[in-house]
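Within every chain, numbering begins at 1; the chains are lettered A, B, ... in the order of the sequence lines, protein sequences first and strands thereafter. This one's a predicted model, so the numbers in the text were calculated from it and none came from an experiment.
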Number of protein chains: 2
Amino acid sequence: MASRSYGQYCGVTTAVELIGERWALLIVRDLLVGPRRYTDLKQGLPKIPTNILSTRLKELQESGVVRRVPLLHCGLVYELTPYGRELEPIVLALGRWGFAQMGDPQPDDVVTADSLTMALRTAFRGDAATALPPADYELHVAGSPDGGDVVLRVQVSADGLRIAQVQPAGRPVDPKLGTQASTAGDPELVFAAGPGIRRLISGELTPADAVDQEVLAVVAGDATLLERFAQTFRIEPGVMLVA
Amino acid sequence: MASRSYGQYCGVTTAVELIGERWALLIVRDLLVGPRRYTDLKQGLPKIPTNILSTRLKELQESGVVRRVPLLHCGLVYELTPYGRELEPIVLALGRWGFAQMGDPQPDDVVTADSLTMALRTAFRGDAATALPPADYELHVAGSPDGGDVVLRVQVSADGLRIAQVQPAGRPVDPKLGTQASTAGDPELVFAAGPGIRRLISGELTPADAVDQEVLAVVAGDATLLERFAQTFRIEPGVMLVA
DNA sequence: CCGGATCCGAATCGATACTG
DNA sequence: CAGTATCGATTCGGATCCGG
């Protein structure tokens with residue numbers, strides 16, 4: 001079984017052996033949002049084969065990255081250990097790095113609640129959030145070709161960023177599963193977007209342009225807040241355009 | 001061929017598609033030290049199959065991470081693009097993260113010059129370097145079971161860290177390949193270690209203990225500099241011990 | 001429905017050999 | 001030096017099945 005080892009005594013190599021297998025880091029990404037049940041993970045990673053999911057979860061547990069936690073009368077969840085949670089800055093940095101190379105979505109690409117949550121975290125500008133007044137958004141994104149929208153409640157304040165996942169029909173999701181539902185009151189701005197929201201975050205499009213080109217539509221509330229949103233969530237192209 | 005896609009429109013996913021294949025990030029690690037020829041990479045990654053190396057290099061070029069640069073009359077080298085170089089903080093962070101989980105080396109694990117160079121970079125404490133007087137080390141590490149030692153010239157100053165790879169026999173390596181050979185004069189301390197040097201860097205062992213337990217031996221120069229070395233290169237265990 | 005285990009064809013990886 | 005070519009060993013992907 002050492003045939004699969006890279007044969008080097010090195011920290012990077014060790015890290016890659018722990019989380020470098022296919023799908024592993026995407027499982028970690030989703031668990032960074034909160035504890036998840038097996039079925040949640042499967043839904044959030046629609047293309048993962050179920051045997052791979054269970055194999056990875058077993059490996060990640062053995063590495064001390066993930067923990068299996070039984071819930072009283074409610075099944076069980078997987079969650080990151082403290083050691084696993086230390087991957088957060090790395091996953092966020094990778095998300096920023098990969099963002100630059102995202103083209104347009106493939107025909108059958110989906111946007112899941114967890115991936116969008118992490119995407120907003122990667123794009124979040126703490127400095128802008130403290131400099132600007134707080135804001136409370138509800139963001140709808142067309143998730144998959146097969147209809148399911150992702151709805152996120154996004155609350156920005158000087159304290160930081162809070163994101164809760166909202167069931168398209170009604171109330172925020174199960175409080176037991178980490179995404180706190182203490183989203184009292186109504187959002188100040190409700191808007192809907194497609195995958196083209198990427199071009200707002202990259203700065204390719206101003207909010208006004210985005211609305212004009214219909215990559216974005218204000219559903220309710222104060223449309224001028226779009227400007228603040230665009231300043232709060234931004235990933236600068238940086239060197240990346242050279243590619 | 002989209003069967004290998006993760007099917008998500010997400011920055012993390014994109015990043016993993018670019019550099020998540022087996023061996024890819026280790027190639028990037030070595031290229032972060034400097035441009036490398038095909039043969040150098042093969043030597044630095046002793047267990048990589050040659051077809052995988054050439055496949056990865058092709059993929060990394062297509063992703064704009066790696067560039068192929070012909071050298072006048074001297075073959076050609078691969079080097080990171082500016083976009084690829086943006087992976088540096090990520091690879092360093094991964095190295096620190098993985099460091100915590102490194103046990104003792106497997107019987108046939110090797111330590112290569114490039115991996116050790118990056119390991120020292122991950123462990124480097126800029127704050128300690130500015131607070132302490134400069135220092136100039138030569139570090140010998142037993143690389144592989146089959147004898148080849150890795151020799152590094154490690155120069156620490158308030159300006160930062162400089163590491164050059166030295167041919168065990170004589171002079172520093174080819175200046176054309178990025179590792180500058182301007183290592184004038186003699187090092188202040190020459191010492192030799194095995195893989196147990198990890199326990200010095202983790203703080204498990206003090207320099208005195210390390211010498212006592214023979215994981216480390218002073219070859220020449222001022223032995224008290226070991227203390228400074230241990231303060232300059234350190235990866236705190238952090239939360240990781242819980243695992 | 002939840003939490004997987006099992007089976008099997010397709011694609012990838014690993015080891016070695018070989019070439020311009 | 002810088003890779004291709006080949007081929008068996010693994011792993012992955014997709015589907016199905018199963019116990020609670």
Report yes if a side-chain nitrogen or oxygen of B:Tyr78 is closer than 4.0 Å to either non-bridging phosphate oxygen (OP1 or OP2) of D:dG3; otherwise report no.
-> yes
Expressed in angstrom and rounded to an integer, what is the separation of B:Leu53 atom CG from D:dC1 atom P?
-> 14 Å
Tell me: NZ of A:Lys47 to C1' of C:dA11, nearest whole Å?
-> 14 Å
A:Ile48 atom CD1 is separated from D:dG14 atom P, nearest whole Å, by 11 Å
For the residue pair A:Tyr137 and A:Phe233, does the interplanar ring angle fall in the parallel (under 30°), tilted (30 to 60°) or perpendicular (over 60°) class?
-> perpendicular
Compare all side-chain heavy atoms of A:Ile27 with those of A:Ile19 and state whether any distance is below 4.5 angstrom.
-> no
Closest of D:dA2, D:dC12, C:dG3 to the A:Arg68 side chain is C:dG3
Describe the nucleic acid contact of B:Leu76 in one word from base, sugar-phosphate, nothing, applying a heavy-atom distance below 4.0 Å.
-> sugar-phosphate
Can you figure out which of D:dG13, C:dC2, D:dG3 approaches the side chain of A:Arg37 most closely?
-> C:dC2
Atom CD of A:Glu59 and atom P of D:dC12 are separated, to the nearest Å, by 8 Å
Between C:dT16 atom P and B:Lys42 atom NZ, what is the distance in whole Å?
-> 12 Å
In short, A:Gly185 meets A:Arg153 closest at the heavy-atom pair O-NH2, 3.1 Å
Which listed nucleotide (C:dG14, D:dG3, D:dC12) is nearest to the side chain of B:Ile52?
-> C:dG14
Between D:dT4, C:dG3, D:dT11, spot the one nearest the side chain of B:Ser54, thanks.
-> D:dT4
Take atom CG of B:Leu71 and atom P of D:dC1, then tell me their distance rounded to the nearest Å.
-> 13 Å
Parallel, tilted or perpendicular: which fits the ring planes of B:Tyr6 and A:Trp23, with parallel below 30° and perpendicular above 60°?
-> perpendicular
Please give, in whole Å, the distance from D:dG3 P to B:Leu45 CG?
-> 15 Å
Which nucleotide, C:dA5, C:dG3, C:dT16, lies nearest any side-chain atom of A:Thr50?
-> C:dA5
Could you tell me how the ring of B:Trp97 sits relative to the ring of A:Tyr83: parallel (under 30°), tilted (30 to 60°) or perpendicular (over 60°)?
-> parallel
Do A:Asn51 side-chain and C:dG4 base share a donor-acceptor contact under 3.5 Å?
-> no
Within the structure, does a side-chain N or O atom of A:Arg22 lie under 4.0 Å from either OP1 or OP2 of C:dT12?
-> no
In whole angstroms, the gap separating C1' of D:dC1 from NE2 of B:His73 amounts to 16 Å
Could you work out which one of C:dG4, D:dC12, D:dA2 sits closest to the side chain of B:Arg4?
-> D:dC12
Side-chain atoms of B:Pro49 come closest, of C:dG14, D:dA2, C:dG4, to C:dG14
OP1, OP2 of C:dG3 versus side-chain N and O of A:Lys58: anything below 4.0 Å?
-> no
